[in-house]
There are 2 protein chains.
Amino acid sequence: MTVTSVHDPSHREALWELEDAFEGGDLISLFGRCTVSYEGRAASDLGAGDRLLVLKPDGAALVHTDEGRQPVNWQPPGSEHHAAVREGQLRVRSTRSNPDETLTVRFSDIHQLSAMAVTGGRDLTLHGSEEDLRTRILERPELVEPGFEPRETERPSSAGPMDVFGVDADGDPVVVELKRRRVGPDAVGQLARYVRALRAELGAEEGADTPVVRGVLVAPSVTDRAAERLADRGFDHVALDPTPEE
Amino acid sequence: MTVTSVHDPSHREALWELEDAFEGGDLISLFGRCTVSYEGRAASDLGAGDRLLVLKPDGAALVHTDEGRQPVNWQPPGSEHHAAVREGQLRVRSTRSNPDETLTVRFSDIHQLSAMAVTGGRDLTLHGSEEDLRTRILERPELVEPGFEPRETERPSSAGPMDVFGVDADGDPVVVELKRRRVGPDAVGQLARYVRALRAELGAEEGADTPVVRGVLVAPSVTDRAAERLADRGFDHVALDPTPEE
DNA sequence: ACATAAATGTCGCCC
DNA sequence: GGGCGACGTTTATGT
């Protein structure tokens with residue numbers, strides 16, 4: 001493990017270390033007093049203060065204050081980092097194109113600079129996603145309703161792929177929309193689009209009568225407005241979590 | 001400015017420094033080899049690897065790898081940090097309630113620990129937001145269309161507050177929806193909800209006839225599908241940026 | 001606390 | 001590369 005770390009470096013020392021770290025593909029942590037300006041999709045300015053600048057070898061840049069989960073300013077991966085000493089300050093600039101964006105951090109004082117060569121351990125396994133919910137339903141279709149039979153996932157339609165397509169105990173087609181958490185009205189609209197598309201598709205095959213196509217929204221819970229829209233459209237809601245209760 | 005920084009500390013040394021930093025309300029940066037586990041709204045596990053852990057005095061915790069703008073794991077502000085030495089590892093745990101969530105980072109090696117007491121400079125001025133777009137339109141209503149007169153912003157309706165409400169050159173009511181960047185079909189749906197709500201409201205006042213209510217989407221550009229939906233509903237699109245071109 | 005909508009959202013997938 | 005939707009979205013705001 002190669003970690004370089006300097007305390008209260010001069011601007012010039014910091015510049016050398018930064019250039020080495022850029023070259024070596026290191027993950028960089030930089031504490032200091034700085035101003036920040038950003039110009040791109042929007043534009044912003046931030047006055048002098050103590051902050052943490054994180055520079056990643058993939059081009060990401062993060063400026064963090066002492067508050068909040070979000071960086072106060074940032075640059076996404078794919079940007080290019082450059083450092084220079086200008087007008088008595090250490091200027092770190094991260095730029096990208098498409099869209100053209102520039103993040104500039106000007107340090108008057110650098111308190112601590114650390115750089116680490118990072119390797120491995122990037123494989124995260126996440127549970128409780130929409131995919132888990134789908135798996136759960138395919139394994140136990142009766143959770144949707146007795147007699148439900150899944151036929152296809154990601155079934156294509158003119159309104160896009162529907163999460164689960166199947167038939168109910170009467171043999172009528174059912175469109176199932178999965179949401180991993182409490183949903184608002186937008187999810188009902190999404191389900192309605194699939195149902196409408198499938199009705200049009202089946203109607204074109206079979207003749208003039210509007211065919212029966214049911215819509216089921218599977219989600220832990222729904223908002224009041226969403227419940228109204230479900231009722232309006234004659235859709236059902238099944239309360240189900242992506243992971244079984246303990 | 002108080003910065004403490006230790007290179008390759010023992011677990012016990014690191015623990016002392018962490019507890020001092022928690023006490024002092026410092027912003028903490030911790031490089032090392034660790035495993036990460038999270039349990040809460042979802043659950044995840046991350047095998048051993050070199051990462052950067054940032055701990056903020058407001059309770060936020062961020063675990064960053066060498067890639068991505070997003071932390072691979074995190075805890076939002078309002079959480080509580082605790083550190084301990086357990087089973088030969090430095091365990092840093094951040095917990096919160098409502099919902100109950102726990103983030104645990106176990107370090108086998110600590111390469112660098114830095115902590116800084118940060119002060120001031122938290123006021124960011126951002127330009128180019130939806131608010132800027134609204135200001136621009138209120139100052140120059142003719143940018144929407146000749147003869148347009150704004151009457152109200154955030155006008156309430158049963159579908160929520162509409163961005164700008166006004167009348168056109170013929171005196172017909174106009175609902176304006178503002179978007180700071182290129183939009184998809186969802187924005188048209190949002191506009192449609194406001195227009196529908198206003199038609200219902202005015203119709204209830206005036207009688208049986210559906211009153212004329214126009215919908216205008218102001219955005220730099222729209223996707224093809226959004227353009228279709230705009231045409232379907234008889235709405236207009238005005239191409240406008242939140243900030244004037246240079 | 002709940003519902004709603006914005007965000008420099010970011011990220012991943014598919015066309 | 002654009003369009004589209006999910007995300008442990010986060011964040012702000014109104015009720």
Side-chain angles (χ1 to χ4, degrees), chain A residues 36-44 60-63 67-79 96 98-103 124 126-133 154 156 159-161 163 177-187 189-190 193 221-226 242-243, chain B residues 38-44 60 62 67-78 96 98-103 124 126-134 154 156-157 159-163 177-187 189-190 193-194 221-227 242-243:
Chain A
V36 187
S37 72
Y38 153 74
E39 179 100 35
R41 287 166 293 177
S44 74
L62 311 168
V63 181
E67 288 186 345
R69 200 207 74 120
Q70 301 290 2
V72 64
N73 278 116
W74 70 91
Q75 199 68 283
S79 311
R96 70 158 175 164
N98 213 306
D100 277 331
E101 293 191 296
T102 305
L103 176 70
L124 181 76
L126 181 66
H127 322 289
S129 61
E130 185 176 305
E131 167 115 26
D132 287 297
L133 183 55
E154 303 296 325
D163 287 338
E177 174 66 21
L178 306 176
K179 294 293 172 190
R180 62 177 307 282
R181 61 169 194 173
R182 181 175 176 83
V183 298
D186 51 335
Q190 195 180 340
R193 287 205 307 281
S221 63
V222 300
T223 66
D224 288 349
R225 192 183 294 271
T243 52
Chain B
Y38 153 75
E39 180 94 30
R41 286 167 292 177
S44 73
L62 311 168
E67 288 186 346
R69 202 209 71 122
Q70 300 290 14
V72 64
N73 276 116
W74 70 92
Q75 200 66 283
R96 70 156 173 164
N98 214 309
D100 276 330
E101 293 191 295
T102 304
L103 176 70
L124 180 79
L126 181 68
H127 322 288
S129 62
E130 186 175 304
E131 169 128 19
D132 287 296
L133 182 55
R134 182 173 59 192
E154 303 296 326
S157 81
M162 46 194 79
D163 287 338
E177 175 65 24
L178 306 176
K179 293 293 171 188
R180 65 176 305 283
R181 63 168 194 174
R182 182 174 177 83
V183 297
D186 51 336
Q190 197 180 337
R193 287 205 307 281
Y194 296 139
S221 62
V222 302
T223 67
D224 289 349
R225 191 185 293 270
T243 52

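Throughout, a chain's letter reflects where its sequence line sits, starting with A, and its residues are numbered from 1.
Spacing between atom CG of B:Leu62 and atom C1' of D:dT10 amounts to 12 Å, rounded to whole angstrom units. In this structure, B:Glu131 places its CD atom 14 Å from C1' of C:dA5, rounding to the nearest Å. In this structure, the CD atom of A:Gln190 is 11 Å from the P atom of D:dC7, given to the nearest Å. Atom CZ in B:Arg182 sits about 4 Å away from atom P in D:dG3, given to the nearest Å. Rounding to whole angstrom units, CG of residue A:Asp100 and C1' of C:dT8 are separated by 14 Å. Rounded to a whole Å, the CD atom of A:Glu154 is 11 Å from the P atom of C:dC15. The CZ atom of A:Arg193 sits 13 Å away from the C1' atom of D:dG3 (whole-angstrom rounding). Whole-Å rounding puts the B:Leu126 CG to C:dG9 P distance at 10 Å.
Residue B:Glu154 qualifies as enclosed at atom CD: its count of foreign heavy atoms under 6.0 Å is above 12.
At a threshold of 4.5 Å between non-hydrogen side-chain atoms, the residues A:Arg69 and B:Pro77 count as touching. Under the 4.5 Å side-chain criterion, counting only non-hydrogen atoms from C-beta, A:Glu177 is not in contact with A:Arg193. Looking at B:Ser44 and A:Leu126, their side chains come closer than 4.5 Å, going by heavy atoms from C-beta outward. Proximity of B:Leu124 to A:Asn73: side-chain heavy atoms (C-beta onward) are separated by under 4.5 Å at one or more points.
Between the base of D:dG5 and the side chain of B:Asp186 there is no donor-acceptor pair shorter than 3.5 Å. Looking at A:Gln70, its side chain has no donor and acceptor atom pair within 3.5 Å of the base of C:dG9.
Residue contacts for B:Ser44: at a heavy-atom cut-off of 4.0 Å it reaches no nucleic acid atom on any strand shown. A:Gln75 comes within 4.0 angstrom of no nucleic acid atom, judged by non-hydrogen atoms across all strands. Using a 4.0 Å heavy-atom distance criterion, A:Asn73 is classed as a base contact. In this structure, A:Gly128 reaches neither bases nor backbone, as no heavy-atom distance under 4.0 Å exists between it and the strands shown. At a threshold of 4.0 angstrom between heavy atoms, the contacts of A:Arg96 with the nucleic acid are absent. No engagement by A:Ala226 is indicated, since no non-hydrogen atom pair under 4.0 Å with the nucleic acid exists. Note on B:Pro185: only backbone sugar-phosphate atoms sit closer than 4.0 angstrom, heavy atoms only; bases stay farther off.
Checking D:dA6, C:dC11, C:dG9 against every side-chain atom of A:Pro77, the shortest atom distance belongs to C:dC11. Of the candidates C:dA5, C:dT8, C:dT10, C:dA5 carries the atom nearest the B:Tyr194 side chain, counting heavy atoms from C-beta on. In this structure, the nucleotide among D:dT10, C:dC11, D:dA6 sitting nearest to the side chain of A:Glu130 is D:dA6. Comparing C:dT8, D:dG5, D:dC7 against the side chain of A:Arg180 picks out D:dC7 as the nearest. Here the nucleotide nearest the side chain of B:Arg225, chosen from D:dC4, D:dG8, C:dG9, is D:dC4. The side chain of A:Lys179 lies closest to D:dA6 when the candidates are D:dA6, D:dC7, C:dT8.
Comparing the same atom, P, in C:dC11 and in D:dT11 gives a spacing of 15 Å after rounding to whole Å. Taking atom C1' in both C:dA7 and D:dA6, one finds a spacing of 15 Å when rounded to whole Å. Atom name C1', nucleotides C:dA5 and C:dG9: the rounded distance is 13 Å, in whole Å. Taking atom C1' on both nucleotides, C:dA6 is separated from C:dT10 by 14 Å, rounded to a whole Å.
In this structure D:dC4 sits in a base pair with C:dG12, meeting the Watson-Crick or G-U test at under 3.5 Å.
With respect to A:Glu101 and A:Arg96, a salt bridge is recorded, a charged nitrogen being found less than 4.0 Å from a carboxylate O.
For the OP1/OP2 pair of D:dT9 and a distance below 4.0 Å, the side-chain nitrogens and oxygens of A:Arg181 include at least one atom meeting the criterion. For the OP1/OP2 pair of D:dC7 and a distance below 4.0 Å, the side-chain nitrogens and oxygens of B:Arg69 include no atom meeting the criterion. Contact check, B:Thr223 against D:dC4: a side-chain N or O comes under 4.0 Å of OP1 or OP2. OP1 and OP2 of D:dT9 both lie 4.0 Å or more from every side-chain N or O belonging to B:Trp74.
Sequence order on DNA chain C of the closest nucleotides to A:Arg41 and B:Asn98 puts B:Asn98 first from the 5' end. When the nearest nucleotides of DNA chain D are assigned to B:Glu101 and B:Val183 by heavy-atom distance, the more 5′-ward of the two goes with B:Val183.
Not one N or O on the side chain of A:Arg180 forms a donor-acceptor pair closer than 3.5 Å with the backbone of A:Asp132.
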